Amino acid sequence: MPAPSPGRRDPMRLSRYFLPTLKENPAEAQIVSHRLMLRAGLVRQASAGIYSWLPLGFRVLKRIEQIVREEMDAAGCHEVLMPTIQSADLWIKSGRYNDYGKEMLRIRDRHDREMLYGPTNEELITEIFRSEVRSYRQLPRNLYHIQWKFRDEVRPRFGVMRGREFLMKDGYSFDVDFESARKSYDAMFVAYLKTFRRMGLTPIPMRADAGPIGGDLSHEFQIVAETGESAVFYDTDLVELIEQGELDADRLKSLYAATDDKHDPKTCPVPPERLGTARGIEVGHIFYFGTKYAEPLGATVTDADGNQVPIHGGSYGIGVSRLVGAIIEAGHDDAGIVWPESVAPFKVGLINLKADDPATTAAADGIYDRLRGSGVPVLYDDRDERAGAKFADMDLIGLPWQLTVGPRGLKGGVVELKRRAGGERNELSIDAALARLCG
RNA sequence: CGGAGUGUAGCUCAGCCUGGUAGAGCACCGCCUUCGGGAGGCGGGGGCCGGUGGUUCGAAUCCACUCACUCCGACCA
């Protein structure tokens with residue numbers, strides 16, 4: 001009987017992890033985030049625009065989701081979970097069952113009832129609210145959920161950035177009148193900026209069309225990335241304020257930002273020296289839609305004067321799965337992904353350069369145990385691979401810190417600590433390296 | 001939904017035009033030599049050539065249909 005390997009119950013050793021990396025670029029992937037997500041073993045395509053999330057990608061998805069959750073909760077929202085499958089009834093009532101067209105995936109159950117895989121949840125959340133809320137005293141409220149959506153895009157592309165199935169945070173505010181609704185809207189406006197900033201991104205809020213959801217107060221949040229889908233134009237003062245963390249909704253909304261379809265150089269109010277241009281990826285969109293759903297669905301409350309008034313609603317979306325791609329678009333180099341620490345699947349990648357050398361392995365194992373003991377998320381490359389392959393894989397998956405333990409360094413009592421972003425390397429004693437990583 | 005492509009080993013691709021019994025590199029398994037940025041040698045495993053039908057003595061190859069995937073355009077978190 002062979003002795004059980006030390007990694008048998010220890011899933012964060014790469015020798016036991018499920019991380020299928022690819023050395024070559026898959027032919028199906030055109031843009032850099034899609035290529036890197038496949039190469040780094042984050043996702044695999046199940047069918048067009050539909051992906052399975054593998055362990056490393058799933059960890060990133062969960063971290064992004066968690067940041068969104070924390071910021072929504074901090075802004076006074078309440079998390080719920082609505083189903084993916086909805087009855088067509090409410091959609092027929094709201095009039096959107098026809099409006100949505102072929103984008104909506106329609107299905108029938110065994111009783112031949114019309115169902116659909118939800119592309120969004122305004123109807124359902126309004127129905128929940130309508131059934132339970134009677135008085136303006138119960139307002140305002142803001143409910144959100146983080147759930148898979150399906151929109152049957154004619155042409156899915158760019159990997160998870162424009163899939164058919166996608167994970168989205170969609171939130172809904174309910175207010176008694178416009179003034180109150182505007183406050184709810186502004187609170188989300190600020191919460192969104194905070195949320196994206198926590199992910200290492202620079203969000204630019206732009207005035208937007210309300211689109212098929214309807215309404216007249218709407219912003220989309222674009223993040224800057226070289227490979228962004230659309231060109232964006234903005235007052236550089238706006239970006240500066242956001243980068244400085246000055247997140248006053250009124251102040252920011254007064255500054256110019258527009259996507260290329262809206263931007264007209266002839267009428268642009270920003271002087272040329274302050275007009276920034278970049279490519280942008282839309283990662284969030286907020287709407288005030290007023291009584292658009294409350295009226296057809298009969299969602300009313302009694303106001304302070306005793307009148308029945310329809311609820312004023314807003315909806316607020318964040319593309320959680322899209323953000324994984326967008327963050328990679330914003331952070332990568334020739335060698336692979338460069339994760340911001342806040343969403344990285346692990347903080348540290350520990351490399352044992354010579355797994356068949358007892359002294360090196362003993363040192364690396366010890367470091368691994370101490371990192372884990374300190375609660376530092378670490379992925380330990382204990383595989384019996386060549387150094388080059390290990391370095392290449394570690395760069396590819398983009399963990400913020402790489403700690404390399406090899407026989408050469410150990411002779412001098414040092415290990416090498418490399419920062420993935422920028423590539424800075426330092427030789428340090430084991431204690432000094434641990435102190436830096438555990439701090 | 002219009003237009004254009006591609007389906008051959010896990011991945012990247014050759015072979016197809018000009019029909020004759022399936023190939024390369026990487027990956028995988030074994031051994032040897034290596035060992036600090038994706039090494040080298042020897043040996044090995046792996047394919048209903050996307051599917052169906054047709055032409056033919058014979059089809060990865062020619063024809064028809066079909067399915068899947070990708071790209072460009074119009075639309076979208």
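These numbers were taken from a predicted model, which means no experiment stands behind them. Proteins come first, then strands; the chains are lettered A, B, ... in the order of their sequence lines, and each starts at number 1. Because only heavy atoms are used, hydrogens play no part in the values below, and waters and symmetry mates are left out as well, while side chains stay in.
- Ion pairing between a basic and an acidic side chain is recognised when a charged N comes within 4.0 Å of a carboxylate O; A/Arg279 and A/Glu229 show no such pairing.
- Counting any heavy atom pair closer than 4.0 Å across all strands shown, A/Gly163 reaches a base atom.
- Comment: A/Arg141 does not engage A/Asp175 in a salt bridge, judged by the lack of any side-chain N to carboxylate O separation of less than 4.0 angstrom.
- Separation of the P atoms belonging to B/C62 and B/C17 is 5 Å when rounded to the nearest angstrom.
- Spacing between B/U12 and B/C75 at atom C1', rounded to whole Å, works out to 33 Å.
- Looking at heavy-atom distances under 4.0 Å, A/Lys390 makes no contact with the nucleic acid at all.
- Taking 4.0 Å as the cut-off between side-chain N and carboxylate O, A/Lys149 and A/Asp170 count as a salt-bridged pair.
- Closest to the side chain of A/Ser321, from the set B/G37, B/A77, B/G38, is B/A77.
- Residue A/Ile351 contributes atom CD1, which lies 13 Å from atom P of B/G38 at whole-angstrom precision.
- Using a 4.0 Å heavy-atom criterion, one finds that A/Glu24 contacts the bases of the nucleic acid, with or without backbone contacts as well.
- Across all strands shown, B/G25 forms a Watson-Crick or G-U wobble pair with B/C11, both key distances being under 3.5 Å.
- Within 4.0 Å of A/Val283, counting heavy atoms only, lie sugar-phosphate atoms of the nucleic acid but no base atom.
- The separation between A/Leu38 atom CG and B/C69 atom C1' is 13 Å, rounded to whole Å.
- When the C1' atom is compared between B/G2 and B/G20, the two are found 42 Å apart, to the nearest whole Å.
- If you check B/A77, B/A39, B/G38 against the side chain of A/Arg151, the one that comes closest is B/A77.
- Contact annotation: A/Arg155 side-chain N/O to B/C72 OP1/OP2 distance is under 4.0 Å.
- When rounded to the nearest whole Å, the span between CG of A/Asp357 and P of B/U34 equals 16 Å.
- Counting any heavy atom pair closer than 4.0 Å across all strands shown, A/Arg164 reaches no nucleic acid atom.
- Within the nucleic acid shown, A/Asn25 comes within 4.0 Å of sugar-phosphate atoms alone, with no base atom in reach, counting heavy atoms only.
- The partner of B/C69 is B/G5, judged by Watson-Crick or G-U wobble contacts that both fall below 3.5 Å.
- If you take NE2 of A/His34 and P of B/C69, they are 12 Å apart, rounded to a whole angstrom.
- Aromatic rings of A/Phe221 and A/Tyr192 (six-membered ring for Trp) have centroids within the 6.0 Å cut-off, being under it.
- With a cut-off of 3.5 Å on both Watson-Crick or G-U wobble distances, the partner of B/C35 is given as none.
- Within the nucleic acid shown, A/Ala392 comes within 4.0 Å of at least one base atom, counting heavy atoms only.
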Inset, instruction - May I have the step-by-step check of side-chain hydrogen bond (donor to acceptor under 3.5 Å, both in side chains) for A/Arg69 and A/Gln66, ending in yes or no? - result: CA-CA 5 Å; A/Arg69 176 175 291 118; A/Gln66 186 56 24; 2.9 Å; yes
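- The ring of A/Phe166 lies on top of the base of B/A77, close enough and flat enough: under 5.5 Å between centres, under 30° between planes.
- Using the Watson-Crick or G-U wobble rule with both distances under 3.5 Å, B/C62 pairs with B/G54.
- Only the C1' atoms considered, B/C67 is 43 Å distant from B/C42, to the nearest whole Å.
- Counting non-hydrogen atoms under 4.0 angstrom, A/Gln30 reaches the backbone sugars and phosphates but no base.
- Other residues, nucleotides and ligands contribute more than 12 heavy atoms inside 6.0 Å of the CZ atom of A/Arg106.
- Applying the 4.0 Å criterion to OP1 and OP2 of B/U70, one finds that A/Gln45 has a side-chain N or O inside that range.
- A donor and an acceptor atom never sit less than 3.5 Å apart when one is taken from the side chain of A/Arg157 and the other from the base of B/C69.
- Taking only side-chain atoms of A/Lys23, from C-beta outward, the nucleotide of B/C69, B/C26, B/A77 with the closest atom is B/C26.
- Within the shown strands, nothing qualifies as a pairing partner of B/C48 under the Watson-Crick or G-U definition with both distances less than 3.5 Å.
- At the heavy-atom level, A/Pro26 lies under 4.0 Å from the strands shown only through sugar-phosphate atoms.
- Side chain of A/Ser47, nearest nucleotide from B/A77, B/C26, B/C69: B/C69.
- Residue order along RNA chain B, read from the 5' end via each residue's closest nucleotide, puts A/Arg425 first among A/Arg425 and A/Ile318.
- B/G38 sits 36 Å from B/G50 when the P atoms are compared, rounded to a whole Å.
- Of the listed nucleotides (B/A77, B/G37, B/C35), B/C35 has the atom at the smallest distance from the side chain of A/Lys354.
- For the pair A/Arg420 CZ and B/G37 P, the computed distance is 17 Å after rounding to whole Å.
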Inset, instruction - Evaluate ring pair (Phe, Tyr, Trp, His ring centres under 6.0 Å) for A/His219 paired with A/Phe189, printing each intermediate quantity in order. - result: CA-CA 8 Å; A/His219 284 82; A/Phe189 183 95; 5.2 Å; yes
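- The phosphate of B/C76 has neither OP1 nor OP2 within less than 4.0 Å of any side-chain N or O from A/Arg162.
- Note on A/Gly406: a base of the nucleic acid sits closer than 4.0 angstrom, heavy atoms only.
- Nucleotides of RNA chain B nearest to A/Ala46 and A/Glu165 differ in position, and the one nearer the 5' end is that of A/Ala46.
- Comparing B/C49 with B/G23, their C1' atoms are spaced 11 Å from each other, to the whole Å.
- For A/Leu353, whose side chain is taken as the heavy atoms from C-beta onward, the closest listed nucleotide among B/G36, B/U70, B/C26 is B/G36.
- Nearest to the side-chain atoms of A/Glu229 among the listed nucleotides B/C76, B/A77, B/G37 stands B/C76.
- Taking atom C1' on both B/A24 and B/A77, the two are 44 Å apart, rounded to the nearest angstrom.
- In this structure B/C42 sits in a base pair with B/G30, meeting the Watson-Crick or G-U test at under 3.5 Å.
- Not a single donor-acceptor contact under 3.5 angstrom links the side-chain atoms of A/Glu28 to the base of B/G7.
- Between A/Leu396 atom CG and B/G37 atom P the separation is 18 Å, expressed in whole Å.
- A/Tyr288 has its ring centre less than 6.0 Å from the ring centre of A/Phe178.
- Comparing the P positions of B/C72 and B/U55 gives an interatomic distance of 41 Å, to the nearest angstrom.
- Summarising the geometry, atom CD belonging to A/Gln45 is positioned 5.0 Å from atom CD belonging to A/Glu28; distances are rounded to the nearest 0.5 Å.
- Base pairing of B/A77: no nucleotide in any strand meets the Watson-Crick or G-U wobble criterion (both distances under 3.5 Å).
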